[in-house]
Amino acid sequence: MQWQQLIEQVRYSGRYATGEEAEDVLRAVLTVLGSHVSGDERCELARLLPVEAAALLTAQIPLTEPLTAPAFVDAVAGHLPACTGPEARWATSTVLSLIAQLAGEDLSLRMLSELPRGYALLFGRAELTAAA
């Protein structure tokens, strides 16, 4: 996949009016995601992404403690000027759902296992919990 194709997928999935808006969203989410994915999962994901996307992801230093899902969305909002909370959540979910599709089931599950509870919905998945 090429960078422009990924931008177009974000534009279509997120219903963004322009490619520029979709690219801004994609850059913001990948930048924040880069500080949350590490190890083999980071390398595998980078190999699946276009070069420009992989560079954004791998340029970030992984955090020792990942942010909660709401804090992740807030961090994305910080990269998008004049973005409201609901818009940031939409942007985050749009990009992470596409990333999950590109990554496939196995890699997506491994990435989610590294993150605190609450991320599954951002990746377009149901978050199932064991009954007590």
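- Nearest heavy-atom pair, Leu122 versus Ala69, reported as atom, atom and distance to 0.1 Å: CD1-CB, 3.9 Å.
- Residue pairs satisfying the side chain to side chain donor-acceptor pair (under 3.5 Å) criterion with at least one member in residues 71-88, sequence neighbours excluded, are listed as follows: Thr84-Glu87.
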(request) Assess whether side-chain contact (heavy atoms from CB on, under 4.5 Å) is satisfied between Leu107 and Leu48, documenting all intermediate values. (result) CA-CA 11 Å; Leu107 180 54; Leu48 296 171; 3.8 Å; yes

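- Going from atom CG of Asp106 over to atom CE of Met111 covers 10.0 Å, rounded to the nearest 0.5 Å.
- The CG atom of Leu6 lies 4.5 Å from the CG atom of Leu26; values are rounded to the nearest 0.5 Å.
- Identified under the salt bridge (charged side-chain N to carboxylate O under 4.0 Å, His left out) test for residues 24-38, with sequence neighbours left out: Glu23-Arg27.
- For the side chain to side chain donor-acceptor pair (under 3.5 Å) test, no residue two or more places apart in sequence or in another chain qualifies with Glu114.
- The hydrophobic clustering, which links ILVMFWY residues whose side-chain heavy atoms are closer than 4.5 Å, places Val73 and Leu112 together.
- The salt bridge (Lys or Arg N to Asp or Glu O under 4.0 Å) test applied to Glu8 returns Arg11, not counting sequence neighbours.
- The backbone N or O of Val10 sits nowhere less than 3.5 Å from a side-chain atom of Thr94 that would complete a donor-acceptor pair.
- Applying the salt bridge (charged side-chain N to carboxylate O under 4.0 Å, His left out) test to pairs two or more places apart or on separate chains, those with a residue in residues 30-44 are Glu41-Arg110, Glu44-Arg110.
- For residues 88-105, the set of pairs meeting the salt bridge (charged side-chain N to carboxylate O under 4.0 Å, His left out) definition, not counting sequence neighbours, comprises Glu105-Arg125.
- Linking ILVMFWY residues whenever their side-chain heavy atoms come closer than 4.5 Å, directly or via other members, leaves Leu121 and Val76 in distinct clusters.
- Residues Tyr12 and Val95 fall into different hydrophobic clusters, defined by Ile, Leu, Val, Met, Phe, Trp and Tyr side chains chained together at heavy-atom separations under 4.5 Å.
- Atom-to-atom distance recorded for Leu96:CG and Ser108:OG is 10.0 Å, nearest 0.5 angstrom.
- Listed here is the closest heavy atom pair of Trp3 and Pro50: N-CB, 3.6 Å.
- Inter-residue side-chain proximity for Leu45 and Leu102 is flagged as unmet; no heavy-atom pair is nearer than 4.5 Å.
- In terms of heavy-atom proximity, Ala126 sits nearest to Ala120 at O-CB, 4.0 Å.
- Within the 4.5 Å cutoff, the side chain of Ile99 has heavy atoms near those of the Leu49 side chain.
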(request) Any chance you could lay out the side-chain contact (heavy atoms from CB on, under 4.5 Å) test for Val25 and Trp90, step after step, and finish with the verdict? (result) CA-CA 10 Å; Val25 163; Trp90 177 262; over 6 Å; no

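- Considering only residues two or more places apart in sequence or on other chains, Gln4 meets the side chain to side chain donor-acceptor pair (under 3.5 Å) condition with none of them.
- Applying the 6.0 Å contact sphere to CD of Gln5 captures more than 12 heavy atoms from other residues, nucleotides or ligands.
- The side chain to side chain donor-acceptor pair (under 3.5 Å) check on Gln101 picks up nothing, with sequence neighbours excluded.
- The ring pair (Phe, Tyr, Trp, His ring centres under 6.0 Å) analysis of residues 33-61, with sequence neighbours excluded, yields the pairs His36-Phe72.
- One hydrophobic cluster, built from ILVMFWY side chains closer than 4.5 Å, holds both Val32 and Leu80.
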Donor-acceptor pairs under 3.5 angstrom involving side-chain atoms of residues 58-67: please list them, not counting sequence neighbours.
unit_1, atom_1, unit_2, atom_2, d
Thr58, OG1, Ala54, O, 2.8
Gln60, NE2, Leu56, O, 3.3

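- Among residues two or more places apart in sequence or in another chain, the side chain to side chain donor-acceptor pair (under 3.5 Å) test is passed with Glu52 by none.
- Ser113 is linked by a side chain to side chain contact (heavy atoms under 4.5 Å, CB included) to nothing, counting only residues two or more places apart in sequence or in another chain.
- When every heavy atom of Ser97 is checked against every heavy atom of Phe123, the shortest pair comes out as OG-C, 3.6 Å.
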